[in-house]
Amino acid sequence: MLKRQSDRVSFFPIFAPLMETTTAEIANGRKLYIESYGCAMNMADSEVIASILKENGYATAQEEEGADIIFLNTCAIRENAEDRVWNRLRQLKASKQHKPDLIVGVLGCMAERLKAKLLDQEQMVDLVVGPDAYRDLPNLLAKVDDGQKAVNVLLSREETYAEISPIRLNSNGINAFISIMRGCDNMCSFCVVPFTRGRERSRDPHSIVREAEELVAAGYKEVTLLGQNVDSYKWTSEDESERITFAQLLEMTAQVSPELRVRFSTSHPKDIDDEVLHVMARNENVCNYIHLPAQSGNSRILEKMNRTYDREWYLAKVARIRELIPDCGISCDIISGFCSETEEEHQDTLSLMEISQFDFSYMYYYSERPGTLAARKYEDDIPEDVKKRRLQEIIDVQHRISKAKHQTYIGKTFKVLIEGDSKKSKTDFKGRSDQNVMCIFAKDGVHRPGDYVNVRINACTTTSLIGEIV
Ligand code: SAH
Ligand code: SF4
Ligand code: F3S
């Protein structure tokens with residue numbers, strides 16, 4: 001099973017626990033349990049890992065109990081993301097004492113960052129595998145069976161796992177992720193991703209469209225195209241006769257079926273262009289929602305962060321989105337207390353939020369990551385209590401804006417895709433609007449998860465809208 005362990009506020013809905021137990025093609029009787037931490041890219045990778053191992057006779061277990069192999073697919077984005085994994089590894093070390101043949105693997109971004117160092121702790125980790133080495137897992141597991149420790153953290157310039165059909169784990173059968181690219185070439189000075197995921201590369205668009213078609217055939221209703229910077233997607237065929245941009249890929253995916261909703265994440269403000277906005281505007285099934293991380297509202301800090309845009313550019317981008325797609329939902333990522341940030345510069349972040357009116361934001365305080373440009377060049381000089389106080393101010397502003405925005409939706413009707421039961425009540429459904437706002441509404445005995453319904457909004461909270469099917 002795939003269990004989501006995130007240190008972010010849930011980016012995508014946490015799906016109803018409809019766990020999938022896969023029966024292996026050539027069962028070898030061994031069961032694998034995968035826990036995923038961090039971003040949606042890791043969730044998608046866990047589904048590739050399950051697929052690779054299924055081909056080799058392993059079944060994915062629903063529960064940790066009874067599993068022969070436990071993989072932690074890890075995140076290194078902030079220090080607390082890694083702390084969580086260390087705590088989990090200490091727990092697993094205790095489990096290994098009761099079950100000496102239990103294999104524990106660390107995969108993903110923390111594996112890539114710490115490499116063989118993860119093996120230093122006695123009796124804790126048997127296997128360390130980076131994000132580009134998952135095809136090697138069967139060999140590495142064989143090595144562990146031979147009594148050796150196994151490591152492969154080689155990064156690749158080509159690997160996209162293009163032709164691997166992911167095994168949908170923890171799926172509600174309605175929403176799925178499709179990974180369209182890997183790595184990142186941006187080098188934002190605070191960020192560890194370019195070091196853990198390597199160079200940017202784009203996946204063959206035909207394999208992406210095929211994956212979307214397979215999902216539609218299996219009854220799925222929504223796909224999210226995933227990449228660290230989707231707008232810089234660029235693919236050229238080997239003979240160079242075909243070149244596909246993100247705008248084209250988005251349209252190709254939208255054309256798979258009018259019944260399939262298409263979302264994407266994440267957009268970098270420097271790369272999202274009018275072409276993409278036009279594709280969104282003219283294709284009804286491409287959702288009017290953009291996750292557009294600003295990180296800061298101050299131009300000096302943005303330059304230090306190496307984001308390559310300034311405050312004015314960011315605000316102009318938001319204005320352009322609202323001009324071409326007036327009802328577009330926009331969300332943001334913000335970091336408080338980056339190196340040398342002054343109180344006035346922090347105020348600029350708050351005012352950027354006020355002007356932009358984000359529907360919601362993921363908000364963090366700065367966590368220095370070893371090896372990044374910022375760690376090498378700048379002092380992490382804002383005291384933790386100041387970072388946290390600024391973060392709280394940012395959170396307060398966002399909550400106020402979200403609530404006020406939600407209030408303006410009262411009386412309106414939205415087309416909502418039913419995703420399942422609401423968390424709080426079995427008599428209510430939950431589902432999101434085109435703009436990605438969560439809606440809760442009473443079941444009507446007619447419609448089912450996977451159906452589109454029109455929901456009229458009667459009330460709201462900071463996080464969701466409450467309405468009725470009309
Ligand atoms: N590719 C995306 C972001 C990926 S990481 C983009 O460019 O927008 C997700 C978010 O984590 C970032 O947007 C940033 O807000 C946050 N983040 C990344 N590194 C961080 C760090 N060192 N400290 C605190 N937050 C960080
Ligand atoms: Fe990190 Fe910047 Fe790349 Fe996003 S764009 S993954 S923040 S380096
Ligand atoms: Fe974390 Fe790696 Fe994603 S560092 S945020 S899991 S790309």
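In listed order, ligands and their atoms are each counted from 1. Values below: all heavy atoms of this structure, side chains included; hydrogens, waters and symmetry mates excluded.
Without hydrogens or angle criteria, Asp434 side chain to Asn288 main chain gives a donor-acceptor distance under 3.5 Å. The backbone N or O of Val276 lies less than 3.5 Å from a partner atom in the side chain of Asp273, making a donor-acceptor pair. Between the side chain of Asp185 and the backbone N or O of Glu200, at least one donor-acceptor pair lies under 3.5 Å. Here the side chain of Thr349 pairs a donor or acceptor atom with the backbone of Gly297 at under 3.5 angstrom. A distance-only check finds no donor-acceptor pair linking the side chain of Tyr378 to the backbone of Leu373 [under 3.5 Å].
Distances between N or O atoms of Ser367 and those of ligand 1 include at least one value under 3.5 Å. An N or O contact shorter than 3.5 Å links Gln228 to ligand 1 by distance. Taking distance alone, with nitrogen or oxygen atoms compared against 3.5 Å, Glu368 stays at or beyond that limit from ligand 1. Close N/O approach between Asp333 and ligand 1 is found [any backbone or side-chain N/O within under 3.5 Å]. Polar contact check, Phe190 against ligand 1: a nitrogen or oxygen pair lies under 3.5 Å apart. Looking at ligand 1, you'll find an N or O of Arg307 within less than 3.5 Å of one of its N or O atoms. Inclusion of Tyr364 in the set of residues having an N or O under 3.5 Å from an N or O of ligand 1 is not warranted.
A donor-acceptor contact closer than 3.5 angstrom is absent between the side chains of Glu341 and Asn298.
Contacts between Cys39 and ligand 3 below 4.0 angstrom, taking non-hydrogen atoms only, involve backbone and side chain alike. Only the side chain of Arg307 comes within 4.0 Å of ligand 2, judged by heavy-atom distances. Counting heavy atoms under 4.0 Å from ligand 1, residue Val193 does not touch it at all.
Taking every heavy atom of Ala76 and a limit of under 4.0 angstrom, the matching atoms of ligand 3 come to 1 (Fe), 4 (S). Ligand 2 places these atoms under 4.0 Å from at least one heavy atom of Pro194: 8 (S). Applying the 4.0 Å criterion to heavy atoms of Arg369 picks out, from ligand 1, the atoms 22 (N). Close approach of ligand 3 to Cys109 is summarised as follows: ligand atoms under 4.0 Å from at least one heavy atom of the residue are 2 (Fe), 4 (S), 6 (S), 7 (S). For ligand 2, the atoms lying closer than 4.0 Å to a non-hydrogen atom of Met187 are 8 (S). Shown in contact with Phe190 at under 4.0 Å from a heavy atom are these atoms of ligand 2, numbered in order with element: 7 (S). Residue contact check: Asn42 has heavy atoms under 4.0 Å from atoms 6 (S) of ligand 3. Residue-ligand proximity, Pro293 to ligand 1, at heavy-atom distances under 4.0 Å covers atoms 8 (O).
We find that Arg88 and Glu64 are joined by a salt bridge, their nearest charged nitrogen and carboxylate oxygen being less than 4.0 Å apart. Taking 4.0 Å as the cut-off between side-chain N and carboxylate O, Glu63 and Lys31 do not count as a salt-bridged pair. With respect to the salt-bridge test (charged N to carboxylate O, under 4.0 angstrom), the residues Arg389 and Glu393 qualify. A salt bridge is defined here as a Lys NZ or Arg NE, NH1 or NH2 lying under 4.0 Å from an Asp or Glu carboxylate O, and Arg203 with Glu211 meets this definition. For Arg182 and Asp45, the salt-bridge test passes: some basic side-chain N is under 4.0 Å from an acidic carboxylate O.
Within the 4.5 Å cutoff, side-chain heavy atoms of Asp359 are placed close to those of Lys405. In this structure, Trp235 and Thr160 have side chains that are not in contact, with every pair of non-hydrogen atoms separated by 4.5 Å or more.
Ligand 3 has Gln228 within reach: a non-hydrogen atom of the residue lies less than 4.0 Å from it. For the ligand labelled ligand 1, residue Tyr362 lies outside the 4.0 Å heavy-atom shell. For Asn229, the closest heavy-atom approach to ligand 1 does not fall below 4.0 Å. Residue contacts with ligand 3 include Arg197, since one or more of its heavy atoms lies under 4.0 Å from the ligand.
When only non-hydrogen protein atoms are considered, atom 8 (S) of ligand 2 lies nearest to Cys188 N, 3.4 Å. For atom 5 (S) of ligand 2, the nearest non-hydrogen atom of the protein is Asn186 ND2, 3.3 Å. Cys191 SG, 2.3 Å is the protein heavy atom nearest to atom 1 (Fe) of ligand 2.
Note on Cys75: counted as a metal contact of atom 1 (Fe) of ligand 3, an N/O/S atom lying under 2.8 Å. Coordination check, Cys184 versus atom 1 (Fe) of ligand 2: failed, since every N/O/S atom of the residue sits at 2.8 Å or beyond.
Applying the ring pair (Phe, Tyr, Trp, His ring centres under 6.0 Å) rule to pairs touching residues 320-357 yields Phe338-Tyr366, sequence neighbours excluded.
Around atom 14 (C) of ligand 1, the closest heavy atom drawn from Arg78, Gln295, Met363 belongs to Gln295.
Between Tyr409 and Phe414, the ring planes lie perpendicular to each other; the angle is over 60°, past the 30° to 60° tilted range.
The side-chain hydrogen bond (donor to acceptor under 3.5 Å, both in side chains) search around Tyr161 returns none, not counting sequence neighbours.
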